[in-house]
There are 2 protein chains.
Amino acid sequence: MTDFYNINEYKHPLFTVDSVLFTITDGALKVLLVKRANSPFEGSWGLPGGFVDIDSDSTTDITALRKLKEKTNVEPPYLEQLQTFSGAHRDPRGFSVTLVYFALIAAQNVSTHIKSIDDVQWVDINTIQDLSIAFDHKHLIEHAKQRLQQKTLYSMVPIYCLPEYFTVGQLKSVIEIILGKTIQRKSLIRRLESTNIVEKSDEKVSSGGRLAHLYTLKSGVDIVNFERNLSA
Amino acid sequence: MTDFYNINEYKHPLFTVDSVLFTITDGALKVLLVKRANSPFEGSWGLPGGFVDIDSDSTTDITALRKLKEKTNVEPPYLEQLQTFSGAHRDPRGFSVTLVYFALIAAQNVSTHIKSIDDVQWVDINTIQDLSIAFDHKHLIEHAKQRLQQKTLYSMVPIYCLPEYFTVGQLKSVIEIILGKTIQRKSLIRRLESTNIVEKSDEKVSSGGRLAHLYTLKSGVDIVNFERNLSA
DNA sequence: GCACTTTGTGTCAAAAGGACACTATATTGT
DNA sequence: ACAATATAGTGTCCTTTTGACACAAAGTGC
């Protein structure tokens with residue numbers, strides 16, 4: 001494609017993009033897995049991902065989103081790079097590099113599509129130990145989970161696991177599932193009120209007791225990082 | 001190399017590994033730049049890096065260290081992944097992906113080697129705006145600087161910019177250069193004493209006033225993250 | 001010896017989360 | 001209708017960690 005340099009002069013690593021997409025359903029943290037259609041590991045479960053299409057993907061972010069949309073029919077509202085993993089033996093085809101993204105989505109926004117097909121499923125993160133997973137993807141998922149937990153201590157990212165309008169109770173519940181421990185409702189409210197990223201709606205919604213206020217993420221805002229972690 | 005899959009079936013992105021190696025000298029934060037020997041951008045300054053040697057590098061971490069050692073003659077004591085940057089137009093040869101590392105080293109451990117050659121230099125981070133730098137490397141350096149500043153708020157990473165034995169005064173100075181603001185000596189000492197990663201030696205050293213205690217990083221320890229940031 | 005410099009400590013104030021009691025307002029069952 | 005129960009939200013004090021800053025300690029240089 002150029003005369004600067006012959007791209008086939010050296011042997012290249014195999015380069016792929018994979019994503020760890022989390023959601024919360026049935027009171028548990030789940031990861032999206034897909035059944036592999038191709039060798040290697042054909043037929044076993046692995047992370048959604050694949051090769052960059054260098055003619056149509058402008059960046060690897062687009063690659064990740066494209067692959068996720070193929071599987072879920074929607075693009076997740078939160079996507080960030082996790083880390084790049086590499087090694088001579090992590091793929092039987094040779095030295096490989098995979099750029100792993102981590103993403104969040106509200107279960108409501110995908111579940112109907114997922115349930116209708118049999119090569120995509122949500123897997124409870126706690127049952128992954130017992131499964132056989134392609135490549136080193138089990139390891140990648142573990143890394144992503146730790147990053148999600150860490151970010152939950154100093155940001156409001158779990159909001160992206162909720163629908164557009166949500167209550168403090170729902171957010172508290174999502175955070176507790178991610179962290180695997182309870183947190184103080186008061187602390188959560190203090191943080192919500194001190195950031196400028198959510199809006200308190202006037203609407204209230206029933207939740208088995210006193211009506212709960214609805215909150216919503218302001219549009220176009222970036223996630224704020226607090227200067228202090230919740231107690232780990 | 002395999003019959004699973006023909007590696008040349010698709011067009012691949014160009015994959016490289018680059019490093020942003022920081023140090024502190026002359027009261028300023030500096031980045032290592034090298035003069036490019038090959039096209040593109042031959043003759044201009046850029047980050048040390050290059051292609052993975054898939055026959056000898058076991059991971060990309062090794063690639064980064066190998067490239068840094070070629071230029072500085074030593075391996076930096078601190079190395080971590082920064083981020084992967086990609087795009088169809090960041091390299092004139094086509095779609096490219098670069099995995100960027102960020103590294104720290106004590107100036108004392110490299111300066112003699114660097115000064116003797118003319119294709120490697122330390123550049124003051126504040127003068128980089130005015131320079132012409134290969135690819136989007138100026139942008140990568142800016143990202144790395146922000147990460148370094150952020151980590152400095154909640155960890156002791158700046159220790160890796162210091163020699164084996166150092167004083168609180170030296171560490172305070174390095175941190176202040178990185179952050180571009182003064183910090184409280186008391187806060188620094190409190191943090192040093194609350195972590196278990198440094199050892200207070202009995203030796204003292206002259207520093208223009210009262211003798212200063214020497215500290216040293218315990219061997220084999222990992223960097224500890226504090227639960228709270230210093231004030232930004 | 002005296003001024004100055006850098007190191008190190010003591011102490012109080014400020015900020016933000018944790019704990020937890022208490023109030024408010026729904027739903028549900030009888 | 002009313003009590004029991006559940007969830008939402010507030011008020012308040014405690015705890016932890018950092019910021020601020022005065023002060024003491026111990027060198028150097030003239």
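Naming: A, B, ... by sequence-line order, numbering from 1 per chain. Everything numeric in this text was worked out from a predicted model, so none of it was measured.
- Summary of the strand contacts: A:Lys181 and A:Lys204 both lie near DNA chain C, and taking for each the nucleotide with the nearest heavy atom, the more 5' one is attributed to A:Lys181.
- With D:dA8, C:dT9, C:dG8 as the choices, the nucleotide that has an atom nearest any side-chain atom of A:Arg185 turns out to be D:dA8.
- Taking atom CD of residue B:Gln170 and atom P of nucleotide C:dT6, one finds them 13 Å apart after rounding to whole Å.
- Formation of a donor-acceptor pair under 3.5 Å by the B:Thr16 side chain with backbone atoms of B:Gly50 is not found in this model.
- Applying a 4.0 Å cut-off to non-hydrogen atoms, the residues of residues 225-232 of chain B that approach DNA chain D are B:Arg228, B:Leu230, B:Ser231, listed by residue number.
- Partners of B:Lys71 by side chain to side chain donor-acceptor pair (under 3.5 Å), not counting sequence neighbours: none found.
- For B:Gln184, a side-chain nitrogen or oxygen approaches OP1 or OP2 of D:dA20 to under 4.0 Å.
- Side chain of A:Ser155 to backbone of A:Lys151: a donor-acceptor contact under 3.5 angstrom is found.
- The local environment of OH in B:Tyr165 is sparse, with at most 12 non-hydrogen atoms from other residues, nucleotides or ligands closer than 6.0 Å.
- In this structure, OH of B:Tyr154 is placed 15 Å from P of D:dT18, rounded to the nearest angstrom.
- Separating the NZ atom of A:Lys200 from the C1' atom of D:dG9 is a distance of 8 Å, rounded to the nearest angstrom.
- Residue A:Glu193 is the one, among A:Glu193 and B:Ser194, whose nearest nucleotide of DNA chain D lies closer to the 5' end (criterion: closest heavy atom).
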Which atom pairs, one a donor and one an acceptor, fall under 3.5 Å between side chains of residues 210-227 of chain B and the rest of the protein, sequence neighbours left out?
residue	atom	partner	partner atom	Å
B:Thr216	OG1	B:Glu164	O	2.9
B:Lys218	NZ	B:Asn196	O	3.2
B:Lys218	NZ	B:Asn196	OD1	3.1

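- Rounded to an integer number of Å, the gap from CG of B:Leu188 to C1' of D:dT17 is 15 Å.
- More than 12 heavy atoms of other shown residues, nucleotides or ligands fall within 6.0 angstrom of atom CG in A:Asp130.
- Taking A:Arg228 as the reference, nothing meets the salt bridge (charged side-chain N to carboxylate O under 4.0 Å, His left out) condition, with sequence neighbours excluded.
- A straight line from CG of A:Leu192 to C1' of C:dG17 spans 14 Å, rounded to a whole angstrom.
- When the nucleotides C:dG8, D:dT10, C:dT11 are ranked by their closest atom to the side chain of B:Arg190, C:dT11 comes out on top.
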Check nucleotides 28-30 of chain D for protein N or O atoms closer than 3.5 Å to its own N or O atoms and list the pairs.
none

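- Salt bridge status for B:Asp124 with B:Lys30: absent, with no side-chain N to carboxylate O gap under 4.0 Å.
- One cannot find a donor-acceptor pair under 3.5 Å joining the base of C:dT6 and the side-chain atoms of B:Arg210.
- For A:Lys186 and D:dG9, a side-chain-to-base donor-acceptor distance below 3.5 Å is absent, hydrogens and geometry of angles not being considered.
- Applying the 4.0 Å criterion to OP1 and OP2 of D:dA8, one finds that A:Ser207 has a side-chain N or O inside that range.
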Check your understanding: Going through the distances and angles, do B:Glu142 and B:Gln146 end up as a side-chain hydrogen bond (donor to acceptor under 3.5 Å, both in side chains)?
Key -> CA-CA 6 Å; B:Glu142 181 57 28; B:Gln146 284 178 18; 3.1 Å; yes

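- Annotation: side chain of B:Leu65 is in contact with side chain of B:Pro76 (closest heavy-atom distance under 4.5 Å).
- Across the protein-nucleic acid pair, B:Ile175 atom CD1 and D:dT18 atom P stand 12 Å apart, rounded to whole Å.
- Among the nucleotides D:dA8, C:dT7, C:dC20, the one closest to any side-chain atom of A:Ala212 is D:dA8.
- Ring geometry for B:His139 against B:His143 counts as perpendicular: the plane angle is over 60°, on a 0 to 90° scale with 30° as the lower cut.
- The separation between B:Ile189 atom CD1 and D:dC21 atom C1' is 14 Å, rounded to whole Å.
- Using a 4.5 Å heavy-atom threshold, the side chains of B:Leu148 and B:Leu104 count as touching.
- Nucleotide C:dT9 holds its P atom 18 Å from the CZ atom of B:Arg191, rounded to whole Å.
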Revision key, fill the gap. Writing each nucleotide of DNA chain C 5' to 3' as (, ), [, ], | or . by Watson-Crick or G-U pairing under 3.5 Å yields ||||||||||||||||||||||||||||||

